[in-house]
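Convention: sequence-line order gives letters A, B, ...; per-chain numbering from 1.
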Amino acid sequence: MAAQKIESRSVTELSLKSWQYRREMLRIIKQAGAGHTGGGLSCMDILNVLYNQVLNVSPATIADPRRDRYVQSKGHCVEALYVVLADRGFFPSTELDTLCQYQSHFVGHPTRKVPGIEQNTGALGHGLAVCVGLALASKQDRVGNHIFTLMGDGELAEGSVWEAAMGAAHYQLDNLTAIVDHNTLQITGRTRDVCSNEPIDQKFAAFGWHVQVVDGHDFAALTAALLAKPQPGMPTVVIANTIKGKGVSFMEDVVKWHHGVPNDAEYALALQEIDAAIALLGGSPS
Amino acid sequence: MSAPAPSMYSDAARRRAELLGLKLGRPNLEVFADTLLDLARADRQILVLTSDSRGSGKLVPFGQALPEQLIEVGIAEQNLVGIAAGLGAASKKVFAVSPACFLTARSLEQIKNDIAYSDHPVTLVGISAGVSYGALGSTHHSLHDLAALRAINNIEIVVPADNFETRAAVIAAVGCGNPVYLRFGKAPLYGLHAAETKYQPRRALTVREGRDIAFIATGETVIHALLAAAELEASAGLSCRVLSMPTVRPLDAEAVLLAAAECRAVVTVEEHLVHGGLGEACAGTLMQAGARARFKIVGLPDEYTVTGSQADIFRHYGISMEGLTQTARTLLARAEQ
């Protein structure tokens, strides 16, 4: 990555951060009464690794043309992104209390009105093409940065994803990495039952991509995959096998938590589980 | 592709153009491509994206001269617009060129979200717009694009009427800092403006002064309004104002209100469905200002479009010197009752 490299953190530190992020995400979703809980929990470790291990972006470098770019194509999981951006200092975390409120910039999908966010997303299947454009510009100007996007596995049903996948391989964009949050669930049920897109790895490989499959909750594996040297001339897809609702036992792999908001009892139970995990790591809730 | 097109102008219309001293120019599309090549030679940040459309976009010379500045996306219009957004986000000056029919329908969500809502200064260029593709049929017509884009926040809509307006609009689009939609047809067009005319972005251009009828037209229909104005003056002694309205959004409301205040009737003309385009933009402006103008929108009606060339379709729906002359007379007669 170009510009300054961030200092690397230990797996324990990252694990503690993820629990704290999950706690904060649940808090703001509970307070707002809305949010994409399950998918936010499934991609939280990915965002943690991106912003704490991989991307050279910070409030100081957000306007630097050499910064890495991250576009969250699965825009509905924005609450997870907001929490991570707040922790990285892009805005005071108190602003998250305005989530979904009148005149707040913190709406239910990413917008560039929020410091740190590069692209307005929310309609699925848009992020990868935008990243192809960013990666092409980066190649032309020999910037040396890297472009990342995060897609859901259900999102891969959008045809525009595959237009962009074809283009990225055609232009030999080895400065582009797409991450698939492969939690195998979408709002209606199992992705393989709704409209199967498996095998995802073989599809990307057939489109000319370098494919990596990792455990999307393994910090070391995610870090290694996202920092790996690219195959020359090939874009990379990291298929991150995740669990929707990860970290809260009764939300894990349960479709109703796609955009479920916990009631008071569920919220208390979730915090109890998370705080126990935080205590085990010797941390405090925030 | 299309069958050989019959002339866009009747013999009488051509004679009228000669009497006005008008010179037939080139298709706007060619002027667009030449202008862009001139600008891009001096500015490496200018990029052109095509969706297997460099031939129809007259951009083959551009690709030969500046291969690094032309990005071929293939037949994938959604990808075209998404990639354009990403390039724009990285400070490139992007012109995404594709047939208007596909660009503004298939990629509408990308235009709305990736360009307009995300506010990247990309210029989308709809080529062979309106019924330029004539007999290829309605799949290839764009009679919805002005309406669709007028309903999306943060995109300027520009439809040049001749080669002069085209060159000026392309120059204005580079570095204007906001999303723009440029719309071009492919028919050769008469020059409408005197050499000393100044193009001001977002303003109407007065092609002819008059006080009886005001024609407010856009794009390739302006010439027909001008010929009708001259014909009405010659045959009936009527004085007709002709405004070319290259910028459909934001509309030059001042020029529209002045026309309605100073003329006895207003006729709008566009190569678009009568719903949602220039005519309804003018109507909305007049109504909300409390202006009580005799008013008629000329465009394509809400029906299965008649088949034929662009010239056939224009003539069929009265977008011609003869058709507009008749429309104006009828409207004035109604005005006097």
Side chain, backbone, both or neither: which part of Glu68(B) has a non-hydrogen atom closer than 4.5 Å to chain A? backbone

Where does Leu47(B) contact chain A at under 4.5 Å (heavy atoms): side chain, backbone, both or neither? side chain

Between Asn153(B) and Tyr117(B): side-chain donor-acceptor atoms closer than 3.5 Å: no

Parallel, tilted or perpendicular: rings of His259(A) and His36(A) (30°, 60°): tilted

Does a side-chain N-to-carboxylate-O contact under 4.0 Å join Asp34(B) and Arg26(B)? yes

Do other residues, nucleotides or ligands put more than 12 heavy atoms under 6.0 Å from the CZ atom of Arg112(A)? yes

Flag the one option from Asp141(A), Thr121(A), Val71(A), Ile147(A) with the top tally of heavy-atom pairs under 4.5 Å to chain B. Asp141(A)

